[in-house]
Amino acid sequence: MTGLRGSSTRSTPARREAPRSDLTPPRDEPMSEQAHESAPIITIEHAAEHVGRLVTIRGWLYNMRESGKLLFPIFRDGTGVMQGVLSLKEQPDAFAALKGLPQESSVIVIGKIQAEPRAPGGCEIHISGIEVIQRVADSNPYPIQLKEHGVDFLLDQRHLWIRTPRQASILRIRAEAIRSARNYMDDLGYTLTDAPIFTPAACEGTTTLFEVNYIDDQKAYLTQSGQLYVEATAAALGKVYTFGPTFRAEKSKTRRHLTEFWMLEPEAAYAHLEDMIELGEGLVSTVVQAVVKNRARELATLGRDAAKLEKIVPPFPRITYDDAIQVLQKAGNPAKWGDDFGGDEETLISKQFEKPVIIHRYPAGMKAFYMATDPARPELALSFDMIAPEGFGEIIGGGERQSSYETLVQRLREHNLPEEAFEWYLDLRRYGSVPHAGFGLGLERTVTWICGTEHIREVIPFPRMLYRVYP
RNA sequence: UGGGGCGUGGUCCAAUUGGUAGGGCACCUCACUGUUAAUGAGGACGGUGUUGGUUCGAGUCCAACCGCCCCAGCCA
């Protein structure tokens, strides 16, 4: 046993205060050590496999219902919640230890798992012993109820909010998305090459940067994309990607924006637009199917219809920017060629499909300075966006990069970007420049869509937003 | 940064045409052997974001400021 209890880190005063009567039956050594022999430690997610057996659960008191001489505590252990049952008549000592125990007190429970249709989840634990690890003070009860709360309050309590089943499920889905995305990239021969977080200048002139004081009065900026660096590592290693946090100081107050979010950015030398569209399809469908397969329980907790996600398999519908304009105009949207798409337009287009839709070949004028243009139609950029279904917005943006030194210098000037800061980047065009392409996948937007959550702030453990950096 | 909305016990809300602040939950006490955000009874807890006006009297009206939410822009 090497879990929480096994280490020597746990020696809180609360533990020593725990009266002997909390242990039922009394033991000479801490219950959990003994429990290892007779009642193996299990997690709630696997409780159904232990029906009929005496087990140990280590966790927290999530809620408790009382009915006369019966207690119905609900425990959570990080993997799920399970109801316990305890009667005064059969277990007077354990009853006394549990009765009146405040919400979120930490406990170790021994009991027999039994199938029980009346219990939420189908089985429950018949408690025979309980050890209170830390009792929440009566004078300062747990702030989060099982009733409704406002968003602002919950965000102030984010460090506790994540204990609720819904939030914990979202975070597990997020982890599954990351795991499957990285596996997919690794299996395709892409090498993870991390990009720096401190950068000397903007990757794109259009967005706002967080400025920080570097050493000796030097200024540095928090990265808003690993894009430029991954172009360098692609020329070194061929197929690469970066996965890490990015920062945007935009004053965007919408349900789709964070100031700190995570991006997965692949880049491949000798790759073209089509290659990246296919990679994006494969990546997104793989992630979605991994969540459907491995986190079905969590999706159910969220009330997310897995049937909608099961349909997310390649190929995804693709339309050109030109066609997208047609679609919008037919639907009565006043969009005209040259306009960028806002949330309304994205939603309108995405609602026509059950899968993410790829819009490619946008007008070059609205894209970043490093985008390559279509040789067949120079007014178009070799770019693409992937729009999630159901109006969840853009999850991927990318395309083919400008590989010509001369054109790139010209673009830098047009965008009023400081050439000195981009000297290293221009070197990539001086020394063995090749066609290359890549994209950025917004992790939180993708997870928001998969989870079907209203707001992006729920899909990252501690959201950083405009005007919120606490907790 | 524009447009719209909102700030009332710990929390979620209510308070007629301005009349001196109330309920649910949480918390404490009691009852109840199958509860399902248990239920029933009792108890404690605020003077309404801040400042300044109008008024006999202001959560209620006016102004400014602060904070938050939603939408737009920008983007992932």
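Note that this is a predicted model, so its numbers are computed, not measured. The sequence lines fix the lettering, A, B, ..., with proteins before strands; numbering per chain opens at 1.
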Short side-chain donor-acceptor distance under 3.5 Å, [Y] and [X]:
X	Y	result
A:T79	A:D77	yes
A:Y321	A:D385	no
A:Q227	A:E265	no

Where the side chain of [X] is defined as all heavy atoms beyond and including C-beta, which of [options] is the nearest nucleotide?
X	options	result
A:F72	B:U35, B:C70, B:A72	B:U35
A:L258	B:A37, B:A76, B:A72	B:A76
A:K251	B:G73, B:U33, B:U35	B:G73
A:R118	B:C74, B:U35, B:C25	B:U35

Taking the same atom, [atom1], in [N] and in [M], what whole-Å distance lies between them?
N	M	atom1	result
B:G19	B:C12	P	26 Å
B:C68	B:C62	C1'	23 Å
B:G52	B:C66	C1'	15 Å
B:G5	B:G42	C1'	40 Å
B:U60	B:U17	P	15 Å
B:U8	B:U48	C1'	4 Å
B:G23	B:A15	C1'	11 Å
B:G3	B:G73	P	16 Å

May I have the distance from A:F341 (atom CZ) to B:C74 (atom P), rounded to whole angstrom? 12 Å
In dot-bracket, 5' to 3', how would RNA chain B read with Watson-Crick or G-U wobble pairs under 3.5 Å, [ ] for crossing ones and | for pairs to another strand? (((((((..((((.....[..)))).(((((.......))))).....(((((..]....))))))))))))....
What is the nucleic acid contact for [X], judged by heavy atoms within less than 4.0 Å: base, sugar-phosphate only, or nothing?
X	value
A:R256	base
A:Q83	base
A:E260	nothing
A:F153	sugar-phosphate
A:E394	sugar-phosphate
A:P120	base
A:T246	nothing

Is the backbone of A:S105 close enough, under 3.5 Å, to the side chain of A:R135 for a donor and an acceptor to pair up by distance? no
Heavy-atom donor-acceptor pair, A:T320 side chain to A:D323 backbone, under 3.5 Å: yes
Is the base of B:G59 syn or anti, if syn means a glycosidic angle within 90° of 0? syn
Would you classify B:G47 as syn or anti? Syn applies when the glycosidic angle is within 90° of 0. syn
Is there a stack between A:Y467 and B:G67, judged by ring centres under 5.5 Å and planes under 30°? no
Is there a donor on the side chain of A:Q145 or the base of B:G24 sitting less than 3.5 Å from an acceptor on the other? no
Step by step, would you call A:V287 with A:Y184 a side-chain contact (heavy atoms from CB on, under 4.5 Å)? CA-CA 8 Å; A:V287 166; A:Y184 181 77; over 6 Å; no
Just to verify, what does A:R468 make a salt bridge (Lys or Arg N to Asp or Glu O under 4.0 Å) with, not counting sequence neighbours? A:D152, A:D156
Quick one: pull up CD in A:E400 and OG in A:S383 and give me the separation to the nearest 0.5 Å. 10.5 Å
